[in-house]
Amino acid sequence: LSHIYAHGNMFGDIDINYDKVGDDEIFISHELYFNGEKIASFNENHYKLESPHLWDLSHPHLYELVTTVKLQEKIEKYVTKLAFLDAIFTNEGFYLNNVKTKLVGLNRHQGYPYMGYAASKSLQEDDAILLKKTGLNVVRTSHYPQSEHFLNKCDEIGLLVIDEIPGWQHIGKSEFWKEACKENTRKMVLKERCHPSVIAY
């Protein structure tokens, strides 16, 4: 399998999507964990969990989905992050789990003096914590997809993310530019769609 994506909504519905590699017949099963404890097992790519712990700004509850793939004698396991939430933009504003939420945030670059973009995991995480401590609830990744360490920490502490492809203040007119932009967007979404903190691209 590749590009496994699991999404849970605020009502407990889980939908799992993935790309299957090859034509061989496989058997797939899923296990759902919360705080290290297995709470559900199922074989279908849709499941409903009763009374889920929702992911929000104050209580960013995270689950872990373990997908087991059996092909003849071969067994592979994939671990995917999962959260239960609904994030919706409307003409009246942004709603998180049906609660209207005012977005207050900043842009963020991940470059550091003397290091460039080779910042350590701890610095990436500290940036997310600093933004959260200042009272902000959203960060825009200007102007490129950023470190998984930063995004993971945003998931863990309840800091929303508006994700951005490479580029700034320019829309190219050539077909080459447009195709490159679409490909960058596709790769970014596939890479970062399992982060519950990401609410827009």
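We number each residue from 1, following the sequence as shown.
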J.: Under 4.5 Å between any side-chain heavy atoms of Met188 and Tyr144, yes or no?
T.: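 No, side chains not in contact.
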
J.: Is it the case that one hydrophobic cluster holds both Leu131 and Tyr112, taking links as side-chain heavy atoms less than 4.5 Å apart, direct or via other members?
T.: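 No, no single cluster joins them.
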
J.: State plainly whether one hydrophobic cluster holds both Leu136 and Val139, where clusters connect Ile, Leu, Val, Met, Phe, Trp and Tyr through side-chain heavy atoms under 4.5 angstrom apart.
T.: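 Linked, Leu136 and Val139 end up in one cluster.
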
J.: Following the transitive rule for hydrophobic clusters with a side-chain heavy-atom cut-off under 4.5 Å over Ile, Leu, Val, Met, Phe, Trp and Tyr, establish whether Leu85 and Val189 coincide in one cluster.
T.: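 Different hydrophobic clusters.
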
J.: What distance do Glu179 atom CD and Phe176 atom CZ have between them, rounded to the nearest 0.5 Å?
T.: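 Here the rounded value is 10.0 Å.
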
J.: Enter the distance from Thr185:OG1 to Lys187:NZ here, rounded to the nearest 0.5 Å.
T.: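 Taking OG1 in Thr185 and NZ in Lys187, the distance rounds to 11.5 Å.
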
J.: If you take all heavy atoms of His143 and Gly167, which pair is closest and at what distance?
T.: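 Taking every non-hydrogen atom into account, CB-O, 3.2 Å.
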
J.: Between Leu49 and Leu32, is any pair of side-chain heavy atoms under 4.5 Å apart?
T.: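 They are in side-chain contact.
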
J.: Before giving the answer on side chain to side chain donor-acceptor pair (under 3.5 Å), spell out for Asn152 and Lys81 the whole-Å C-alpha distance, their side-chain angles and the decisive distance to 0.1 Å.
T.: CA-CA 10 Å; Asn152 285 335; Lys81 190 182 307 180; 2.8 Å; yes

J.: Of all the heavy-atom pairs spanning Thr101 and Val99, show the shortest one and how long it is.
T.: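 Here Thr101 and Val99 meet closest at OG1-O, 2.9 Å.
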
J.: Counting only heavy atoms from other residues, nucleotides and ligands, does the tally under 6.0 Å from NZ of Lys48 exceed 12?
T.: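 For Lys48, atom NZ is crowded (more than 12 foreign heavy atoms under 6.0 Å).
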
J.: In terms of side-chain heavy atoms, does Tyr117 have a donor or acceptor partner in His109 at a distance below 3.5 Å?
T.: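 Result is no, nothing qualifies.
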
J.: I need the minimum non-hydrogen distance between Ala6 and Cys194, along with the two atoms involved.
T.: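 Nearest pair, atom of Ala6 first, then Cys194: N-SG, 4.2 Å.
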
J.: Under a 4.5 Å cut-off applied to non-hydrogen side-chain atoms, are Val69 and Phe27 in contact?
T.: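 In short, these two side chains do not touch, never coming nearer than 4.5 Å.
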
J.: Should Ile26 and Leu1 count as side-chain neighbours, where that means a heavy-atom distance under 4.5 Å?
T.: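 A side-chain contact under 4.5 Å exists here.
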
J.: First locate atom CD1 of Ile4, then atom OH of Tyr78, and finally report the distance between them rounded to the nearest 0.5 Å.
T.: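 It is 6.0 Å, given to the nearest 0.5 Å.
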
J.: Quick one: hydrophobic cluster around Trp177, which other residues, with the 4.5 Å side-chain cut-off, linked directly or via members?
T.: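 Under the 4.5 Å side-chain rule, Trp177 groups with Ile171.
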
J.: Side chains of residues 10-24: which donor-acceptor partners sit under 3.5 Å, not counting sequence neighbours?
T.:
residue	atom	partner	partner atom	Å
Asp13	OD2	Asn9	ND2	3.2
Asp15	OD1	His46	ND1	2.8
Tyr18	OH	Asn45	ND2	3.0
Asp19	OD2	His3	ND1	2.9
Lys20	NZ	Gly22	O	2.9
Lys20	NZ	Asp24	O	2.8

J.: Between atom CD of Glu125 and atom NZ of Lys153, what is the distance when rounded to the nearest 0.5 Å?
T.: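 Rounded to the nearest 0.5 Å, the CD-NZ separation comes out at 4.5 Å.
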
J.: Test: salt bridge (charged side-chain N to carboxylate O under 4.0 Å, His left out). Region: residues 165-176. Which pairs qualify, not counting sequence neighbours?
T.: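 As it turns out, the salt bridge (charged side-chain N to carboxylate O under 4.0 Å, His left out) pairs with a partner in residues 165-176, which skip direct neighbours, are Glu175-Lys178.
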
J.: Is Leu96 reachable from Ile199 through a run of hydrophobic residues whose side-chain heavy atoms are each under 4.5 Å from the next?
T.: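 Linked, Ile199 and Leu96 end up in one cluster.
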
J.: Assess whether side-chain contact (heavy atoms from CB on, under 4.5 Å) is satisfied between Leu103 and Leu160, documenting all intermediate values.
T.: CA-CA 9 Å; Leu103 297 176; Leu160 299 171; 3.7 Å; yes

J.: Which donor-acceptor pairs under 3.5 Å do side chains of residues 35-42 form with protein atoms, sequence neighbours excluded?
T.:
residue	atom	partner	partner atom	Å
Lys38	NZ	Glu31	OE2	3.4

J.: How many angstroms lie between OG1 in Thr141 and CG in Asn107, if you round to the nearest 0.5 Å?
T.: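 Interatomic distance, Thr141 OG1 to Asn107 CG, rounded to 0.5 Å: 9.0 Å.
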
J.: Under 4.5 Å between any side-chain heavy atoms of Met115 and Leu123, yes or no?
T.: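 Yes, their side chains come closer than 4.5 Å.
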
J.: Using the side-chain contact (heavy atoms from CB on, under 4.5 Å) rule, take Thr68 and Ile75 through it: C-alpha gap first, then chi angles, then the decisive distance, then the call.
T.: CA-CA 7 Å; Thr68 301; Ile75 297 177; 3.7 Å; yes

J.: State yes or no: are the ring centers of Phe34 and Phe84 separated by less than 6.0 Å?
T.: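 No - the distance between ring centres of Phe34 and Phe84 does not fall below the 6.0 Å cut-off.
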
J.: Taking the side chain as everything from C-beta on, heavy atoms only, tell me whether Ile28 gets closer than 4.5 Å to Asn43.
T.: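 When only atoms from C-beta onward are counted, Asn43 and Ile28 do not touch, as no gap falls below 4.5 Å.
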
J.: Is any side-chain heavy atom of Tyr95 closer than 4.5 Å to one of Thr90?
T.: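 The answer is yes, as the side chains (C-beta and beyond) meet within the 4.5 Å cut-off.
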
J.: In the structure I gave you, are the side-chain heavy atoms of Cys181 and Ile165 within less than 4.5 Å of one another anywhere?
T.: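 A side-chain contact exists here, since the closest heavy-atom pair is under 4.5 Å.
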
J.: Identify each donor-acceptor pair in which a side-chain atom of residues 55-65 lies under 3.5 Å from a protein atom, sequence neighbours left out, and give them as a table.
T.:
residue	atom	partner	partner atom	Å
Trp55	NE1	Asp155	O	2.9
Asp56	OD1	Ser58	N	3.1
Asp56	OD1	His59	N	2.5
Tyr63	OH	His53	N	2.9

J.: Scan for salt bridge (charged side-chain N to carboxylate O under 4.0 Å, His left out) pairs involving residues 127-148, sequence neighbours excluded, and state none if there are none.
T.: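 The answer is Arg108-Asp127, Arg140-Glu164, Glu148-Lys191.
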
J.: Please check if Ile162 and Leu159 belong to a single hydrophobic cluster, counting links between Ile, Leu, Val, Met, Phe, Trp and Tyr side chain heavy atoms closer than 4.5 Å.
T.: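 Hydrophobic grouping puts Ile162 apart from Leu159.
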
